[in-house]
Amino acid sequence: MQDWQRTHTCGALRAEHIGNDVVVNGWVRSVRDHGDLVFVDLRDRTGMVQICADASSASGLHDTLAGVKPESVLSIRGIVRRRRPGMENPRLETGSVEIAVTRVDTLNQCRQPLPFQLNDEAQMSLVNEELRLRYRYLDLRRPRLYEMLKLRHEVITSIRSFLNREGFLEIETPLFTRSTPEGARDYLVPYRLEPGLFYALPQSPQQYKQLLMVGGVERYYQIARCFRDEAQRADRQPEFTQLDLEMSFVTQDDILNLTEALTIELITTHSTKTLGSRPFTRLTYDEAIARYGTDKPDLRYGLELRDLNHLFQDTGFSVFRDTIESGGFVRGLIYPGGAGLSRKNLDDLTRFARQIGAKGLVHLAWATDSDSEAPVLQGPAARHLTADEARSLVRAMGAKPGDLILAVADSFRVASAVLGRLRCEIARHLSLAPRDVLHFCWVTDFPLVEWSEDEQRWDASHHPFTMPHLEDLEYLESDPGRVRAQCYDIVCNGIEWGSGSIRIARADIQSRVFALLGISQEIQQERFGHMLEAFAYGAPPHGGIAPGIDRLIMLLTDNDNIREVMAFPKIGGGGDPLMGAPAPVDASQLAELGLQIVPRARDSVHGGDPGSNDRA
RNA sequence: GGGGGCGUAGCUCAGUUGGUCAGAGCGCCGGCCUGUCACGUCGGAGGUCGCGGGUUCGAGUCCCGUCGCUCCCGCCA
């Protein structure tokens with residue numbers, strides 16, 4: 001053992017170590033120089049301990065210590081001693097003791113100044129994220145980041161332990177695979193041996209896991225990296241991690257029950273948060289849209305949507321009547337206590353509704369000095385409603401005096417979507433969602449296909465291998481829109497955490513679905529021939545699910561930014577400011593791959609702006 | 001592809017109608033300080049106001065363009 005090597009970790013020292021001759025290694029968090037007395041806080045991943053030197057008892061060492069720079073790496077030898085009475089620091093685990101230094105080894109002096117003050121959490125929460133990611137190795141020294149990485153590791157460990165107990169095999173699948181034009185844009189990898197051919201990075205291991213089922217594995221899982229070249233959001237990254245799992249000889253309920261048991265174990269083990277419901281609430285897709293206006297409802301609060309068509313069939317208010325006559329819907333939502341909202345607040349809500357696609361937003365404030373027998377409603381639409389209509393409206397909505405009733409008249413889809421978004425907005429304004437509750441629910445029975453206006457064809461709402469409900473099979477050709485899929489999402493607090501389905505394991509059904517999706521025999525064979533062929537050799541009934549690991553850690557740590565729960569995330573355009581990726585490659589590499597770069601018409605390939613953001 | 005926000009010292013920010021507006025806090029450098037833990041205190045250095053162009057006697061400020069980050073819509077089977 002080298003004499004600089006530690007005998008204890010910084011965070012481990014306690015009163016019981018008083019008198020011990022110890023060596024600790026770590027990073028300097030701060031230096032407090034009092035002239036003839038100097039304190040250094042030394043930090044490793046286990047915690048922090050105070051080092052103390054004074055001029056009389058340790059003169060050369062005192063000078064060394066006083067000159068050391070924050071974030072330098074030191075080895076400190078010394079005697080653990082009790083702090084003087086009144087000088088204990090209750091905010092430190094090691095706060096009852098300190099180390100009286102007898103030797104200082106500077107293992108690595110830190111260059112100054114630092115790009116940001118990583119010992120100041122208040123400031124770090126404001127520091128430009130690109131800068132933090134460019135110096136991610138410094139950012140990661142913050143205890144908060146270490147705790148996140150540790151939690152992520154422990155959650156994944158629990159997942160493995162649970163699924164191993166349940167008889168699953170963890171199996172790796174290839175990262176170099178073939179492009180499938182469905183779904184998101186692929187990341188492509190050129191094939192050197194035959195220019196013009198490309199691998200694609202998998203958007204998910206979907207096809208491989210199904211082939212594992214055909215291969216008789218029966219229970220598979222993987223902590224799988226997935227790649228999608230799509231626009232980013234606060235909760236999306238070009239590469240992200242899913243718990244991918246698949247099971248054979250199971251029904252939808254088997255998968256839901258297993259996933260639910262796993263989820264409950266993860267939450268109760270790794271969080272102090274309360275589960276919103278046990279067993280998890282189950283909603284069909286139709287119910288979710290009808291009650292919450294979205295297929296990923298936040299169930300931590302009520303505020304359900306209501307249908308109002310039956311009240312306004314013959315109303316004199318033409319906006320409502322015309323919508324209903326032309327097959328549309330009038331739907332409503334309550335803003336509790338919202339009658340007192342200012343004109344500006346109401347304008348903001350209306351603008352918000354328009355932004356999402358509503359033609360307008362009807363708002364009716366119930367004056368507090370009127371009762372439910374003769375409710376006085378105020379708002380631009382109020383004069384169009386009869387007293388009877390006002391009375392039945394407040395009853396149907398379950399409103400109270402002082403509430404604001406919001407209504408949208410449009411197609412069922414648009415009215416629901418707009419009010420669903422307004423529902424979240426209202427809950428945010430009123431802080432209705434408790435931070436310490438995780439309300440998981442299942443949303444089931446999604447439509448198998450959705451009509452795409454853009455492409456004028458039916459589109460798979462999950463993916464083309466999703467099994468229809470057997471009792472709906474007869475409508476597959478005659479009325480595709482009413483066919484429900486054996487498909488499910490697990491949703492938590494308004495966030496889609498994972499989705500899955502029972503897969504089609506019969507070639508005849510698969511062909512009918514492909515036909516519905518407008519995928520010709522030729523295309524079927526070209527793109528999915530390997531799958532169809534596999535299914536013709538004895539495929540077991542199977543299905544699975546893929547919950548997002550990153551999103552789970554976000555939920556557990558109250559982060560709304562996915563970059564905060566990954567060690568080395570990418571910034572907006574998919575760039576990595578630390579590695580400098582993506583980057584140009586040598587002409588010889590391109591030549592070997594048979595690739596030629598065609599500059600964009602607008603600018604040169606690397607015609608960036610030299611004044612900003614260039615790396616040292 | 002579209003919309004909003006941001007870009008001034010190492011970091012976080014202020015800078016009004018264009019005219020001592022190149023500023024603050026923290027950090028950094030130097031001095032002093034024996035009980036601090038957001039140490040204190042005295043002094044100092046540090047700026048192509050993202051970049052380019054325009055208007056003007058004069059631009060951090062106004063206009064045009066551009067680059068970057070960020071949030072949202074589209075997109076993400």
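Below, chains carry the letters A, B, ... as their sequence lines are ordered, and counting in each starts from 1.
- A gap of 32 Å separates the P atoms of B:rU66 and B:rU20, to the nearest Å.
- Checked against salt bridge (charged side-chain N to carboxylate O under 4.0 Å, His left out), A:Lys570 has the following partners two or more places apart in sequence or in another chain: A:Glu239.
- Using a 4.0 Å heavy-atom criterion, one finds that A:Glu98 contacts the bases of the nucleic acid, with or without backbone contacts as well.
- A donor N or O paired with an acceptor N or O is found under 3.5 Å between the base of B:rU36 and the side-chain atoms of A:Arg83.
- Counting atom types as modelled, A:Glu130 pairs no side-chain N or O with a base atom of B:rU70 as donor and acceptor under 3.5 Å.
- Within the model, atoms CG of A:Asp560 and CZ of A:Arg551 stand 12.5 Å from one another, a figure rounded to the nearest 0.5 Å.
- Nearest heavy-atom pair, A:Cys10 versus A:Val24, reported as atom, atom and distance to 0.1 Å: SG-CB, 4.2 Å.
- Using a 4.0 Å heavy-atom distance criterion, A:Glu88 is classed as a base contact.
- The one candidate from A:Arg225, A:Gln222, A:Lys209 that meets the side chain to side chain donor-acceptor pair (under 3.5 Å) condition with A:Asp244 is A:Lys209.
- Evaluation of atom-type donor-acceptor distances gives a pair under 3.5 Å for the side chain of A:Asn89 against the base of B:rC37.
- Donor-acceptor pairing under 3.5 Å, judged by distance alone, is absent between the side chain of A:Arg228 and the base of B:rC76.
- Distance check, rounded to the nearest 0.5 Å: CD of A:Gln232 to CZ of A:Arg563 gives 7.0 Å.
- In this structure, A:Ala234 reaches the sugar-phosphate backbone alone: every heavy-atom distance under 4.0 Å involves primed, P, OP1 or OP2 atoms, never a base.
- When atom types are taken as modelled, the side chain of A:Arg81 and the backbone of A:Ile99 share no donor-acceptor pair closer than 3.5 angstrom.
- For A:Arg111 against B:rC28, a side-chain-to-base donor-acceptor contact under 3.5 Å is absent.
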Scan nucleotides 8-12 of chain B against the protein and return all N/O pairs shorter than 3.5 Å with their distances rounded to 0.1 Å.
residue : atom : partner  : partner atom : Å
B:rG10  : O2'  : A:Leu114 : O            : 3.4
B:rG10  : O2'  : A:Pro115 : O            : 3.1
B:rG10  : N2   : A:Gln117 : OE1          : 3.3
B:rC11  : O4'  : A:Pro115 : O            : 3.4
B:rC11  : O2'  : A:Gln123 : OE1          : 2.7
B:rU12  : OP1  : A:Asn128 : N            : 2.7

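- Nucleic acid contact class of A:Ser461 (heavy atoms, under 4.0 Å, all strands): sugar-phosphate only.
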